[in-house]
Amino acid sequence: MAATASTPQQLRHTNMGAVLAVMRRSTAVTGTDLIEATGLARATVIAVCDDLINAGWVRELPAQRTAVQKGRPARVFEFDARAGVVVGLDFGVAKATALVADLRGAVLGKATESFGGFVEPVAKRLATIDRAIRAALAAAGVGAEAVLVAGIGIAAPVDRNGNIPHSQRFWEHFDIGIREELRGRHGWPVLLGNDADLASMAEHWMGVGAGVDDLAVMLAGERIGFGLIESGRLLRGASGRAGEVGQLDLVEGVGTPDGIAHLARALAVTDMAAPKDVTAEAVFSAAARGDAAAGQVLERIARRMARVIALLATFTDPELVVIGGAVAQSAAVLLGPLGDELAKFMPTPPRVAVSTLGDAIVTLGAVRLALDYVEQNVLELVPLR
């Protein structure tokens with residue numbers, strides 16, 4: 001007969017989930033702390049803690065007796081963040097970067113492997129991705145058996161079921177069977193997420209957007225893409241295209257979905273007579289030093305991005321827009337002219353800031369995606385004995 005909520009095992013799992021939810025948000029807690037937080041009886045709390053200790057998810061700390069305490073000292077418990085690990089992966093055009101993190105999100109290991117772009121055979125790209133993950137696991141000092149789930153960020157729409165819509169541009173470059181490959185090699189659950197969506201999750205979790213429940217994150221790389229948080233929840237849309245802003249050719253004064261880094265390089269070549277290998281960071285650095293030609297490039301980018309942000313804000317009304325990605329911090333010089341341009345379009349524009357997460361923003365978002373899965377499915381991940 002199928003288990004129901006009234007069966008002892010189901011009730012036991014439910015109580016485990018309640019206790020673990022408190023412990024994940026806390027440091028050391030006593031049985032009394034858990035009773036107050038969960039409403040469970042003392043005997044139930046202690047039995048659940050013993051189960052979690054046996055399962056390896058909780059450890060018991062030395063009891064501390066106070067000078068006025070009578071009787072047995074209170075037992076003290078702590079969630080073991082090393083009970084397992086998660087993998088976060090940023091799968092881009094030319095490289096794959098993997099992070100291994102514990103169950104509180106602390107990064108334990110990182111590795112990056114390069115490949116030859118979309119022209120490289122699928123089998124070779126999959127092997128490179130697996131090599132990056134294995135190197136990150138080695139750097140973390142853990143084996144593949146410790147991984148509970150892997151999250152992967154890709155530069156393509158991903159719907160709420162974790163699938164890539166085949167009607168979208170570039171889908172064939174990223175829908176290469178990576179979930180099936182990693183699941184087959186290692187047996188892990190594997191989750192896909194759009195890179196901008198994961199960037200917004202990272203910012204909402206641990207970036208300058210932490211605590212901001214109406215947030216937009218714009219990746220500052222080759223193409224414009226937004227990840228949107230609305231009322232504290234990721235906004236995906238019907239087929240994962242929310243924030244894609246792919247039809248910017250319809251917007252006067254914008255014309256293409258080219259990103260900030262791409263525009264900085266292209267405009268530097270045409271307006272500053274810079275060499276073709278100039279970097280966006282070099283352009284922003286020159287503008288910060290007062291270079292007049294670089295300043296004009298900055299103003300052109302600011303006018304263009306202000307139109308994009310104003311259009312987005314008209315529909316989604318974010319409190320904060322964060323510019324994220326590898327060049328975000330060097331692009332801080334954009335904030336002044338961008339704010340001036342936005343004020344021309346909107347009486348009360350959203351605040352704009354640059355991310356401090358650097359080029360790890362998507363990978364950290366993939367870690368957050370994996371941690372969310374662990375928290376939502378912890379009852380299936382805790383073995384009962």
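Computed over heavy atoms, backbone and side chain alike; hydrogens, waters and symmetry mates excluded. Computed from a predicted structure; not experimentally measured.
Ion pairing between a basic and an acidic side chain is recognised when a charged N comes within 4.0 Å of a carboxylate O; Glu78 and Arg59 show such pairing. The pair Arg82-Asp102 does not count as a salt bridge, with every side-chain nitrogen at least 4.0 angstrom from each carboxylate oxygen. The pair Arg185-Asp130 counts as a salt bridge, with a side-chain nitrogen and a carboxylate oxygen less than 4.0 angstrom apart. A salt bridge is defined here as a Lys NZ or Arg NE, NH1 or NH2 lying under 4.0 Å from an Asp or Glu carboxylate O, and Lys95 with Glu113 fails to meet this definition. Electrostatic pairing of Asp258 and Arg265 does not count as a salt bridge here, judged by no charged N lying under 4.0 Å from a carboxylate O.
Between Asp213 and Ser231, every side-chain heavy-atom pair lies at or beyond the 4.5 Å cut-off. Two residues are said to be in side-chain contact when any heavy atoms from C-beta on lie closer than 4.5 Å; Asp317 and Asp214 fail this criterion. Residues Ile361 and Ser355 form a side-chain contact, since some pair of their non-hydrogen atoms from C-beta on lies under 4.5 Å apart. Side-chain atoms of Val86 and Val374, non-hydrogen and from C-beta on, do get closer than 4.5 Å to each other. Using a 4.5 Å cut-off on side-chain heavy atoms (C-beta onward), Glu375 and Leu103 make no contact. Looking at heavy atoms from C-beta onward, Leu312 lies out of side-chain contact with Met218 at the 4.5 angstrom threshold. Within the 4.5 Å cutoff, side-chain heavy atoms of Ile178 are placed close to those of Leu192. Side-chain contact between Arg223 and His262 is absent, with no heavy atoms from C-beta onward closer than 4.5 Å.
Within the model, atoms CZ of Arg134 and CD1 of Ile129 stand 13.0 Å from one another, a figure rounded to the nearest 0.5 Å. Distance check: Leu335 CG to Asp340 CG gives 11.0 Å after rounding to the nearest 0.5 Å. Atom CD1 in Ile133 sits 11.0 Å away from atom OG1 in Thr128 (nearest 0.5 Å). Here Asp249 contributes atom CG and Thr256 contributes atom OG1; the two are 9.0 Å apart, rounded to the nearest 0.5 Å. Taking CZ of Phe118 as the reference point, atom CD1 of Ile176 lies at 9.5 Å (rounded to 0.5 Å).
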Exercise for review: Verify side chain to side chain contact (heavy atoms under 4.5 Å, CB included) between Arg368 and Leu198, making sure each step is shown before the conclusion.
Suggested key: CA-CA 8 Å; Arg368 184 66 259 173; Leu198 296 187; over 6 Å; no
Check your understanding: What do the steps show when you test Arg12 against Asp51 for salt bridge (Lys or Arg N to Asp or Glu O under 4.0 Å), and what is the final call?
Key -> CA-CA 9 Å; Arg12 189 176 169 202; Asp51 281 341; 2.8 Å; yes
Practice item. Take Ile323 and Leu338, measure what side chain to side chain contact (heavy atoms under 4.5 Å, CB included) needs, and give me the verdict at the end. Key: CA-CA 11 Å; Ile323 299 172; Leu338 184 55; 4.0 Å; yes
Check your understanding: Would Phe226 and Val217 satisfy side chain to side chain contact (heavy atoms under 4.5 Å, CB included), going step by step from the backbone distance to the final call?
Key -> CA-CA 5 Å; Phe226 286 91; Val217 175; over 6 Å; no
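Between Ala280 and Val327, the closest heavy-atom pair is CB-CG1, 4.2 Å. The heavy-atom pair separating Ala196 from Asn194 by the smallest distance is N-OD1, 3.0 Å.
Arg25 contributes a side-chain N or O that, together with a main-chain N or O of Ala21, makes up a donor-acceptor pair within less than 3.5 Å. In this structure a side-chain-to-backbone donor-acceptor pair under 3.5 Å is present from Thr38 to Leu40. In this structure, the side chain of Asn377 engages the main chain of Tyr373 through a donor-acceptor pair within 3.5 Å. A donor-acceptor pair is defined here as one N or O able to donate and one able to accept, closer than 3.5 Å; such a pair exists between the side chain of Asp159 and the backbone of Asn163. The main-chain N or O of Val321 is never found under 3.5 Å from a side-chain atom of Arg351 such that the two would form a donor-acceptor pair. Thr270 places a side-chain N or O within 3.5 Å of a backbone atom of Leu267 that can act as its donor or acceptor partner. Checking side-chain atoms of Arg236 against main-chain N and O of Ala242 turns up no donor-acceptor pair under 3.5 Å.
Relative ring orientation between Phe174 and Phe91 is described as perpendicular, the plane-to-plane angle rising above 60° on a 0-90° scale split at 30° and 60°.
Considering only residues two or more places apart in sequence or on other chains, Thr97 meets the side chain to side chain donor-acceptor pair (under 3.5 Å) condition with Thr112. Residues satisfying the ring-ring contact (aromatic ring centres under 6.0 Å, His included) test with Trp188, not counting sequence neighbours, are His186.
Between the side chains of Arg241 and Ser239, at least one donor-acceptor pair of N or O atoms lies under 3.5 Å. One side chain, Thr30 or Asp33, offers a donor N or O that lies under 3.5 Å from an acceptor on the other.
Val322 and Leu342 fall into different hydrophobic clusters, where Ile, Leu, Val, Met, Phe, Trp and Tyr residues are linked whenever their side-chain heavy atoms come under 4.5 Å apart, directly or through other members.
The side-chain contact (heavy atoms from CB on, under 4.5 Å) with Arg300 is formed by just one residue from the set Arg303, Arg304, Gln296; it is Arg303.
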